[in-house]
Amino acid sequence: MLGLCIYVPVPNTNQTEFEYFEANSLPSELKSLFKLSLFLTSQEFTTYRKWRKKIVKAGDKDLDGQLDFEEFVHYLRDHEKKLRLVFKSLDKKNDGRIDSQEIMQSLRDLGVHISEQQAEKILKSMDKNGTMTIDWNEWRDYHLLHPADNIPEIILYWKHSTIFDVGESLMVPDEFTAEEKDTGMWWRHLVAGGGAGAVSRTCTAPLDRLKVLMQVLASRSNTMCIAGGFSQMIREGGVRSLWRGNGINVLKIAPESAIKFMAYEQIKRVIGSNQETLGILERLVAGSLAGVIAQSSIYPMEVLKTRLALGKTGQYSGIMDCGKRILQKEGLAAFYKGYIPNMLGIIPYAGIDLAVYETLKNSWLQRFATDSADPGVFVLLACGTMSSTCGQLASYPLALVRTRMQAQAATLDGGPQMTMSGLFRHILRTEGATGLYRGLAPNFMKVIPAVSISYVVYENLKATLGVQSR
């Protein structure tokens, strides 16, 4: 048996021995007993236990809670391959050494900004010979028994658009690690995210319908408050009318998520990135283009949702009836009314949301990520809520104009149709700048419950589907 034994000195007690390797599956030629004995202080033993837990979790293939010899050797080989790939990606000059500038540049490409002093501090922790550069041997020796691979760990724990659904699907898609793609966990994440979005949208549907009514019907002469809007809906169609238009809003989640994910992966290949994660600018470009493709594919469903939400009781017998009437009265072009402001709204929404989320994420990682990149529930919820709110605020005027253009035929009864620029001028002239933010209050009111509900449902569905978190 080959063993690593740790002796921990505890006052007034005998030394306690902890064997790291198990005797199972050892090669037959290893008959004699070899022990490497280390003496640790009680404080250092806490660090050892964390280290042991991570090693076992990373290498335990048979899930018996122990790491035998073969599993350990397999872990070392697999981890060394990953370390070699990371080392090559950091070595921008291809000279076999990494300096502080290369570390800063690599992290900057991922949207993480550190000072030169911080980069030098990273170097010093690995630099054995005092040259302020790291060669392959120094890199490997330092990281070989550290299973936490920061970039995949950050990708794993800081998913955003997959988890949080606030009713708008304009966020940049999440990255998935190579391991998640290889094991098929990515589609389970998407399914869990879709289910969470369906529950979240259903729970916040009354606020969403109120937002649409306020965007289209409210004005200086026809003020509509939140309580008055709810009363009006209930008087007109009963409590059930609060969920009018929610069916189509839930149905469009699946095709939109699938199309956006596939488009995002293809665009990543087109722009020539084979890396596990993209830089911020590349993510924004790829995510925005994927959003345009997905929105273009399902946009008729957006129009149907608006028309159903604005419809009176008994006006439409269902989704198909609504679509048939629009086609007969207004033609095929009616299904793409408001298309241009909707597409223009993707860039400010996705850009602001991504920038705020990445800024908050990087700030937390730099200050608090000592042992793990896992931020915990409350930090993740807070970052998701703030970034989504900022993204919606930036693109809200375009969203309002889009909704009014989608509703024009239903509200004007055959009157002249306004263009996007004409509608902007009309709103500013008759209602002022505040007119571009009608319905903002119920929209913001639904963000916190939507984010919270989607997270809780996502975590439960993820567990049901067998998605394993580190």
Side-chain angles (χ1 to χ4, degrees), residues 152 154-205 208 246-265 268 277-278 283 286-288 290-291 293-295 297-298 301-302 305 346 349-350 353-354 357-358 361 374-377 379-385 387-389 391-392 446-470:
I154 291 170
I155 293 172
L156 186 73
Y157 288 126
W158 287 84
K159 283 186 172 44
H160 177 33
S161 64
T162 309
I163 300 176
F164 303 126
D165 190 302
V166 292
E168 299 283 352
S169 302
L170 305 181
M171 297 178 189
V172 173
D174 284 321
E175 297 283 337
F176 288 95
T177 65
E179 183 182 353
E180 287 174 315
K181 291 176 183 176
D182 292 342
T183 58
M185 288 295 170
W186 65 269
W187 69 262
R188 292 182 173 87
H189 278 287
L190 291 180
V191 170
V199 175
S200 171
R201 293 186 186 193
T202 301
C203 291
T204 59
D208 192 61
N246 181 60
I248 190 73
N249 197 32
V250 169
L251 283 175
K252 68 187 178 71
I253 293 174
E256 185 173 15
S257 299
I259 293 168
K260 184 189 283 189
F261 176 75
M262 290 187 292
Y264 184 67
E265 291 299 314
K268 279 170 62 176
T277 181
L278 300 179
R283 281 195 68 196
S288 297
I293 293 169
Q295 283 281 303
S297 304
I298 59 94
M301 300 175 83
E302 293 279 0
K305 176 208 159 192
I346 289 176
Y349 188 108
D353 176 75
L354 181 64
Y357 191 76
E358 291 295 317
K361 179 182 82 174
D374 185 0
V377 176
V379 173
L380 203 61
L381 290 177
C383 292
T385 300
S387 64
S388 298
T389 300
Q392 288 188 341
K446 73 173 185 172
V447 171
I448 293 177
V451 166
S452 304
I453 292 166
S454 60
Y455 180 82
V456 171
V457 177
Y458 172 81
E459 287 297 316
N460 281 278
L461 286 176
K462 198 173 70 167
T464 303
L465 292 168
V467 177
Q468 296 178 351
S469 298
R470 291 183 184 179

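Just so you know, these numbers use all the heavy atoms, side chains as well, and skip hydrogens, waters and symmetry mates. From a predicted model like this one, the values you see are computed outputs, not experimental measurements.
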Any chance you could measure Ile298, atom CD1, to Ile248, atom CD1, to the nearest 0.5 Å?
9.0 Å
Test salt bridge (charged side-chain N to carboxylate O under 4.0 Å, His left out) on Lys446 and Asp208 and set out the steps.
CA-CA 8 Å; Lys446 73 173 185 172; Asp208 192 61; 2.8 Å; yes
Can you check whether Thr385's main-chain N or O pairs, donor with acceptor, with Ser388's side chain at less than 3.5 Å?
no
Between CD1 of Ile259 and CD of Gln295, what distance do you get to the nearest 0.5 Å?
10.0 Å
Rounded to the nearest 0.5 Å, what separates atom NZ in Lys462 from atom CZ in Arg188?
13.0 Å
Can you name the residues that form a side-chain contact (heavy atoms from CB on, under 4.5 Å) with Ser257, not counting sequence neighbours?
Ile253
Taking CD1 in Ile448 as the centre, count heavy atoms belonging to other residues, nucleotides or ligands within less than 6.0 Å. Is the count above 12?
no
What is the distance from atom OG of Ser387 to atom OH of Tyr349, rounded to the nearest 0.5 Å?
8.0 Å
Taking every heavy atom of Gly193 against every heavy atom of Tyr458, the minimum-distance pair comes out as N-CD1, 3.6 Å
Can you name the side-chain contact (heavy atoms from CB on, under 4.5 Å) partners of Thr202, sequence neighbours left out?
Trp243, Asn246, Val250
Atom pair CG (Asn249) and CE (Met301), whose distance is rounded to the nearest 0.5 Å
9.0 Å
Which heavy atom of Ala196 sits nearest to which heavy atom of Leu461, and what is that distance?
N-CD1, 3.8 Å
What distance separates Arg201 CZ from Lys252 NZ, expressed to the nearest 0.5 Å?
4.5 Å
Smallest separation among heavy atoms of Tyr264 and Ala286, with atom names
CE1-CB, 3.6 Å
Kindly say whether Ala450 contributes a backbone atom to a donor-acceptor pair with the side chain of Ser200 at under 3.5 angstrom?
yes
Scanning both residues in full, the closest heavy-atom pair of Lys260 with Gly291 reads CE-CA, 4.3 Å
